[in-house]
Enquirer: 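Next up is a structure, given as structure tokens.
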Amino acid sequence: MSKRAKRQSNIELLRIIVACGVIILHYNNAKLGGGFNAAKDGSLNQGIMAFLEVLFICAVNVYVLISGYFMRRSYKRDLLKPIELLAQIAVFSLGWFVVKELILGKGFSGSVMFQYLTRSYYWFVYVFIALYLISPFINLMWDALSPKNRKALLAVALSLFSVLSIAADILQYYYGEKIQGISFVALGGTQSGYSIVNFVLMYLIGCYLKDLDESGKKYQIGKLVLLLILNVAALLAWTYLEKLITGNKITSTTAWHYENPLVISIAILLFLVFKNINIGCNKAINKLAGASFPAYLMHVNFLEYLKIKKFVKGSTGLYVLHTIGCAIAIYLACFIIYFIYDLITRPLFKCIGDHWKKGRFLGVKEE
């Protein structure tokens, strides 16, 4: 999310695709877009939705991994950046509140306004800010370890917070009741990977991949793509196997938990595939990628107007076109809104930054 001196358009393109993937995930989401609620059980449309879910459920992991990779050698954090992120939440949330409730809705309501400001999917922003602020210290700790101990740390972290965590989730899933006290993350369980624990894990993986890159590690893109396909297929099989065994709804699967080793693996492979695609520096892609975070904040507001249930129940061809078309259209709409927002607020934040030079940065040492 931070600006870089040299933005790699291949990674910026990945950010755009993953942001569109988040829109598709919420298009499918039973509570947000309602896609899975409308799809007939066992239908081809449901199968396509499950495939898209498996492909893009790694979206948050990808974003955090990218941060770990590109912030690996950075030991200072601009304290104004978290404020800018929180400002976007406030402005976009209140803006939608004004349009949808005051102008088109039932009028002012303090409780409704508070709901706009505290939507559940904003969790990502707050946890990411926490990671952003502690990441210089993570980097310093990583530097202090030998290459052998870095691998050991990563192996232990993956074992505790991915392999054993998903095992605890599976046990709870098949037991059928909430089991407390068997998680390495928290009393209430693993949080399905929606936690700072998973964020730190993905950040460390990003650091490790950066080290491999600096050591001259080479990848064959054909093998990466093959591994990606196999991982997606395995995760899709997991999804349907659980459904077959338990008879539960397809959306209740543990396969889609963020700490799932396969979900983590898909995030890594997606990143490596795009990292090894050389498309140079494309200004259009880089510009569009700037809206990936605003798209995450705003896209849900469009979903109720898309007649999702109608298309999910219709022909497969129209459903697929509608899903992809909506993701692209919403992203572009969010880009336009953000472009206007940026034009208005950029001078303000520049002014604040100019008057707040001392004490503005958090860091552990000079890079």
Side-chain angles (χ1 to χ4, degrees), residues 1-3 15-16 18-23 25-27 29 31-33 59-64 66-67 71 77-105 108-135 191 193-196 198-199 202-203 258 288-305 327 330-353 356 360 362:
M1 293 182 186
S2 60
K3 293 181 180 179
R15 292 175 64 207
I16 294 171
V18 168
C20 288
V22 171
I23 297 172
L25 292 177
H26 290 165
Y27 176 111
N29 185 278
K31 294 181 180 180
L32 297 176
V60 166
N61 286 353
V62 170
Y63 277 125
V64 181
I66 289 173
S67 299
M71 294 197 297
R77 297 292 177 261
D78 187 347
L79 296 179
L80 190 59
K81 291 189 181 299
I83 296 174
E84 292 176 354
L85 297 182
L86 295 175
Q88 288 186 42
I89 289 180
V91 171
F92 295 141
S93 298
L94 293 176
W96 284 108
F97 171 76
V98 170
V99 173
K100 296 178 71 174
E101 302 298 331
L102 299 187
I103 298 177
L104 303 177
F108 179 80
S109 168
S111 61
V112 173
M113 182 178 70
F114 185 73
Q115 291 173 14
Y116 272 82
L117 290 167
T118 57
R119 289 178 164 177
S120 60
Y121 54 88
Y122 289 167
W123 72 272
F124 169 81
V125 183
Y126 295 102
V127 179
F128 181 83
I129 288 174
L131 177 69
Y132 176 80
L133 293 176
I134 68 172
S135 58
Q191 308 299 317
Y194 292 66
S195 70
I196 187 65
N198 193 63
F199 273 40
M202 293 310 304
Y203 186 93
Y258 288 178
L288 280 171
S292 60
F293 178 73
Y296 178 87
L297 296 180
M298 292 187 283
H299 71 277
V300 172
N301 295 284
F302 293 98
L303 296 179
E304 64 184 277
Y305 303 108
I330 290 175
Y331 189 92
L332 291 176
C334 292
F335 171 78
I336 293 171
I337 294 172
Y338 175 69
F339 181 78
I340 297 170
Y341 166 87
D342 189 51
L343 284 178
I344 296 171
T345 61
R346 189 188 310 159
L348 173 62
F349 282 114
K350 185 178 184 304
C351 181
I352 294 173
W356 189 27
R360 177 180 162 184
L362 170 72

Enquirer: Which atom names give the shortest non-hydrogen contact between Ser195 and Trp123, and what distance separates them?
Expert: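 It is N-CZ3, 4.2 Å.
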
Enquirer: Please check: side-chain N/O of Tyr132 versus main-chain N/O of Asp78, any donor-acceptor pairing under 3.5 Å?
Expert: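 Indeed, once roles are kept as given, a pair shorter than 3.5 Å links the two residues.
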
Enquirer: How far does CZ of Arg77 sit from CG of Leu131, to the nearest 0.5 angstrom?
Expert: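 Separation between the atoms: 8.5 Å.
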
Enquirer: Can you pull the side chain to side chain donor-acceptor pair (under 3.5 Å) pairs that have at least one residue in residues 85-97, sequence neighbours excluded?
Expert: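 Applying side chain to side chain donor-acceptor pair (under 3.5 Å) to every pair that reaches into residues 85-97, excluding sequence neighbours, yields Ser93-Tyr122.
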
Enquirer: The test is side chain to side chain contact (heavy atoms under 4.5 Å, CB included); show your working for Arg119 and Asn301 and say whether it passes.
Expert: CA-CA 11 Å; Arg119 289 178 164 177; Asn301 295 284; 2.9 Å; yes

Enquirer: Could you go through Phe114 and Ser109, starting from their C-alpha distance and side-chain angles, then the distance that decides it, and tell me whether this counts as side chain to side chain contact (heavy atoms under 4.5 Å, CB included)?
Expert: CA-CA 9 Å; Phe114 185 73; Ser109 168; over 6 Å; no

Enquirer: For the residue pair Tyr341 and Phe92, does the interplanar ring angle fall in the parallel (under 30°), tilted (30 to 60°) or perpendicular (over 60°) class?
Expert: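 Plane angle between 30° and 60°, so tilted.
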
Enquirer: Rounded to the nearest 0.5 Å, how far does CD1 of Ile344 lie from CZ of Phe339?
Expert: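 Spacing of CZ (Phe339) from CD1 (Ile344) equals 11.0 Å.
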
Enquirer: Do Phe199 and Phe128 make the cut of ring centroids closer than 6.0 angstrom?
Expert: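 Judged by ring-centre distance (under 6.0 Å), Phe199 and Phe128 do not meet the cut-off.
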
Enquirer: Any side-chain heavy atom of Val22 sitting closer than 4.5 Å to one from Phe124?
Expert: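 SC-SC contact between Val22 and Phe124 ruled out.
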
Enquirer: Rounded to the nearest 0.5 Å, what separation is found between the CD1 atom of Ile89 and the CG atom of Leu297?
Expert: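 CG of Leu297 is found 5.5 Å from CD1 of Ile89.
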
Enquirer: Rounded to the nearest 0.5 Å, what's the gap from CD1 on Ile66 to CG on Asn61? Could you check?
Expert: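 Ile66 atom CD1 to Asn61 atom CG measures 11.0 Å (nearest 0.5 Å).
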
Enquirer: Roughly how far, to the nearest 0.5 Å, is the NE2 atom of His299 from the CG atom of Leu25?
Expert: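 So the CG of Leu25 and the NE2 of His299 are separated by 8.0 Å.
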
Enquirer: With sequence neighbours excluded, tell me which residues meet side chain to side chain contact (heavy atoms under 4.5 Å, CB included) with Ser120.
Expert: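 Per chain and number, Ser120 pairs via side chain to side chain contact (heavy atoms under 4.5 Å, CB included) with no residue.
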
Enquirer: Minimum heavy-atom separation for Ile129 and Pro82, please, with both atom names.
Expert: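 Closest approach of Ile129 to Pro82, heavy atoms only: CG2-CB, 3.8 Å.
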
Enquirer: Could you give all pairs that pass the salt bridge (charged side-chain N to carboxylate O under 4.0 Å, His left out) test and reach residues 288-304, with sequence neighbours left out?
Expert: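 Only Lys100-Glu304 qualify under salt bridge (charged side-chain N to carboxylate O under 4.0 Å, His left out).
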
Enquirer: Would you say the side-chain atoms of Tyr203 pair up with the backbone N or O of Val64, donor to acceptor, closer than 3.5 Å?
Expert: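 It does not hold such a pair.
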
Enquirer: Tell me whether the centres of the aromatic rings in Tyr338 and Phe293 are closer together than 6.0 Å.
Expert: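 For Tyr338 and Phe293, the ring centres are not under 6.0 Å apart.
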
Enquirer: Can you tell if the side chain of Asn198 reaches within under 4.5 Å of the side chain of Val60, non-hydrogen atoms only?
Expert: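 SC-SC contact between Asn198 and Val60 ruled out.
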
Enquirer: What is the distance from atom CD1 of Ile16 to atom CG of Leu288, rounded to the nearest 0.5 Å?
Expert: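 These two atoms lie 5.0 Å from each other.
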
Enquirer: Any chance you could lay out the side chain to side chain contact (heavy atoms under 4.5 Å, CB included) test for Arg15 and Tyr63, step after step, and finish with the verdict?
Expert: CA-CA 7 Å; Arg15 292 175 64 207; Tyr63 277 125; 4.2 Å; yes

Enquirer: Testing the basics here: between Phe349 and Ala87, what is the closest heavy-atom pair and its distance to 0.1 Å?
Expert: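 Closest pair (atom of Phe349, atom of Ala87, distance): CZ-CB, 3.8 Å.
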
Enquirer: Please confirm whether the backbone N or O of Leu303 pairs with a side-chain atom of Tyr27, one donor and one acceptor, at under 3.5 Å?
Expert: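 Between the backbone of Leu303 and the side chain of Tyr27 there is no qualifying donor-acceptor contact (under 3.5 Å).
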
Enquirer: Determine the minimum heavy-atom distance between Ala327 and Cys20, stating which atoms define it.
Expert: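 So the minimum-distance heavy-atom pair works out to CB-O, 3.8 Å.
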
Enquirer: Would Val98 and Tyr116 satisfy side chain to side chain contact (heavy atoms under 4.5 Å, CB included), going step by step from the backbone distance to the final call?
Expert: CA-CA 10 Å; Val98 170; Tyr116 272 82; over 6 Å; no

Enquirer: For the residue pair Tyr258 and Tyr194, categorise the inter-ring angle as parallel (less than 30°), tilted (30 to 60°) or perpendicular (more than 60°).
Expert: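 If you compare the ring of Tyr258 with that of Tyr194, the planes turn out parallel.
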
